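Reviewing the structure listed below.
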Amino acid sequence: MACPKEGLEEKRKRARAILEALKEAYPKARTELRHETPFQLLVATVLSAQATDRSVNEATPALFARFPDAKALAEATPEEVEPFIRRIGLYKTKAKNLVALAQRLVAEHGGEVPREKAALMRLPGVGWKTATVVLGAAFGIPGIAVDTHVARLARRLCLSEAKSPEKIGAELEGLFPKEDWVFVHHALVLHGRYVCTARKPKCATCVLAPHCPSRQEG
DNA sequence: ATCCCGAGGG
DNA sequence: CCCTCTGGAT
């Protein structure tokens, strides 16, 4: 499904209309991952890779009760962490990464979550997407993280035809005001999760349909 | 490009 | 059954 030819000014106008519709539909869009601290948000975000936020939220209360901060988690072994996160999937890798991550936070960052993207991305299990989400949600540092949902919606809305998440993110950031970047990320995720779903998108009730070249009838 | 991995939906 | 879910490391 190719996108119609469109000038930049035309695309910017469409982006503005999409932003307004998103603000109307999701006035308080933010992460749905349960957390009390930046550390817990970082852990929850690492766990959310290729998993539903629901499964993560069912696991983290017990996990955080047992390992509330980086110091506690740094003293654990992956085998001790695995039972808490087994149902999430990819649990062996994630357990190993989380313990190593906590140890690095203690050793190199005083047990705190660093506020620089490069430092975050050096942590095990933390890539560009996770780092961008944590900076935005925990510290309000602007950025449009691109996950499976944002990538799908950017493609369907013809806001970007790029392939790599980083390029899609950069293109989206060029279309929306910086103060709305974090909101746009969370709103697109929510819209992707509940309306513009991967398999049977609910175009009939979609508030973005008037601005969507990919909308389907019926 | 491939592996890690469980759970829910269609 | 197959696809998808807020990816990252090798």
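So that the names make sense, note that chain A is the first sequence line, chain B the second, and so on, each numbered from 1. In this text the structure is predicted, and so the values were computed from the model without any measurement.
Contact check, A/T148 against C/dT6: no side-chain N or O comes under 4.0 Å of OP1 or OP2. For C/dT6, the OP1/OP2 oxygens have no side-chain nitrogen or oxygen of A/H186 closer than 4.0 Å.
Ion pairing between A/E6 and A/R14 holds under the 4.0 Å rule for side-chain N and carboxylate O. In summary, A/K23 and A/D180 engage in a salt bridge, as defined by a charged side-chain N under 4.0 Å from a carboxylate O. Using a cut-off of 4.0 Å between Lys/Arg side-chain N and Asp/Glu carboxylate O, A/E75 and A/K71 are scored as salt-bridged. Salt-bridge formation is detected for the pair A/R193/A/E32: a Lys NZ or Arg NE/NH1/NH2 atom is positioned less than 4.0 Å from an Asp or Glu carboxylate oxygen.
Each of A/Y91 and A/R54 was matched to the nucleotide of DNA chain B holding its nearest heavy atom; the match closer to the 5' end belongs to A/Y91.
Within 4.0 Å of A/T93, counting heavy atoms only, lie sugar-phosphate atoms of the nucleic acid but no base atom. Residue A/R87 is classed as a sugar-phosphate contact, given heavy-atom separations below 4.0 Å to backbone atoms only. Base engagement by A/T31 is indicated by at least one non-hydrogen atom pair under 4.0 Å involving a base atom.
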Evaluate the side-chain hydrogen bond (donor to acceptor under 3.5 Å, both in side chains) criterion for residues A/S160 and A/K167: first the C-alpha distance (whole Å), next the side-chain angles of each, then the deciding distance (0.1 Å), finally the verdict.
-> CA-CA 9 Å; A/S160 172; A/K167 284 183 181 174; over 6 Å; no
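Taking the six-membered ring where the residue is Trp, A/F84 and A/F67 present perpendicular rings, their angle passing 60° and hence far from 30°.
Residues of residues 36-50 of chain A that place a heavy atom closer than 4.0 Å to DNA chain B do not occur.
By the side chain to side chain donor-acceptor pair (under 3.5 Å) test, A/R156 pairs with no residue at all, sequence neighbours left out.
Shortest non-hydrogen contact noted between A/I85 and A/A95 is CD1-N, 3.7 Å.
In 5' to 3' order, the nucleotides of DNA chain B bounding all contacts with chain A (an atom under 4.0 Å from a heavy atom) are B/dC4 to B/dG10.
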